[in-house]
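Notes follow once the structure below has been shown.
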Amino acid sequence: FDGWSSRILQLQREYEDHDSKNGRWTYSYSATVRISLRNGTFHDEVGSGCKVDKDRGKAIENARKEAVTDAMKRGLRLFGPALGLSVYDKDYVTE
């Protein structure tokens with residue numbers, strides 16, 4: 001592949017909760033990400049992330065990051081093995 005880029009099209013909070021008994025915040029986010037190749041080909045994909053933490057800001061930040069990362073991974077796999085899960089297979093990548 002001749003390079004790729006990503007762009008967040010949408011990032012949305014799906015769920016928020018605070019458990020006053022244990023002081024934990026729960027946040028869930030969804031993200032829509034566009035993965036584009038230099039040749040103009042692109043795929044849009046949705047990902048989700050959910051985090052629980054006593055620190056509200058940390059729960060939000062990590063849920064958002066997880067949603068975007070999930071969407072990116074799902075989008076990259078649609079381009080085939082070279083940008084999908086085979087990226088973790090060093091033997092495949094060097095071929």
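Here the structure is a predicted model, which is why all the values come from computation and not from measurement.
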With Ser30, which residues qualify under side-chain hydrogen bond (donor to acceptor under 3.5 Å, both in side chains), at least two apart? Glu14

Results of side chain to side chain contact (heavy atoms under 4.5 Å, CB included) for Val46 - residues two or more places apart only: Thr32

side-chain hydrogen bond (donor to acceptor under 3.5 Å, both in side chains) involving Asp44 - partner list, sequence neighbours excluded: Arg34

Can you pull out every ring pair (Phe, Tyr, Trp, His ring centres under 6.0 Å) where at least one residue sits in residues 45-67? Sequence neighbours excluded, please. none

Run the salt bridge (Lys or Arg N to Asp or Glu O under 4.0 Å) test against Lys65 and tell me which residues pass, sequence neighbours left out. Glu61

Quick check: closest heavy atoms across Lys54 and Asn22, and the distance to 0.1 Å? CE-O, 3.4 Å

Taking only residues at least two apart or on different chains, which pairs with a member in residues 35-57 satisfy ring pair (Phe, Tyr, Trp, His ring centres under 6.0 Å)? His43-Phe79

Non-neighbouring partners of Arg74 that pass salt bridge (Lys or Arg N to Asp or Glu O under 4.0 Å), sequence neighbours left out: Asp70

Hey, could you give me each pair passing ring pair (Phe, Tyr, Trp, His ring centres under 6.0 Å) that has a residue in residues 9-30? Not counting sequence neighbours. His18-Trp25

Sequence-distant partners of Thr41, side-chain hydrogen bond (donor to acceptor under 3.5 Å, both in side chains), two or more places apart: Asn39

In chain order, what residues pass the side chain to side chain contact (heavy atoms under 4.5 Å, CB included) check against Lys58, with sequence neighbours excluded? Asp53, Asp55, Asn62

Nearest heavy-atom pair of Gly47 and Ala71: which atoms, and what distance? N-CB, 3.4 Å

When rounded to the nearest 0.5 angstrom, what is the spacing between CD1 in Ile35 and NZ in Lys73? 12.0 Å

Using the test salt bridge (Lys or Arg N to Asp or Glu O under 4.0 Å), find all partners of Arg24 that sit at least two apart in sequence or belong to another chain. none

Could you list the donor-acceptor pairs under 3.5 angstrom formed between side-chain atoms of residues 5-13 and any protein atom two or more places apart in sequence or on another chain?
residue : atom : partner : partner atom : Å
Gln10   : NE2  : Gln12   : OE1          : 2.6

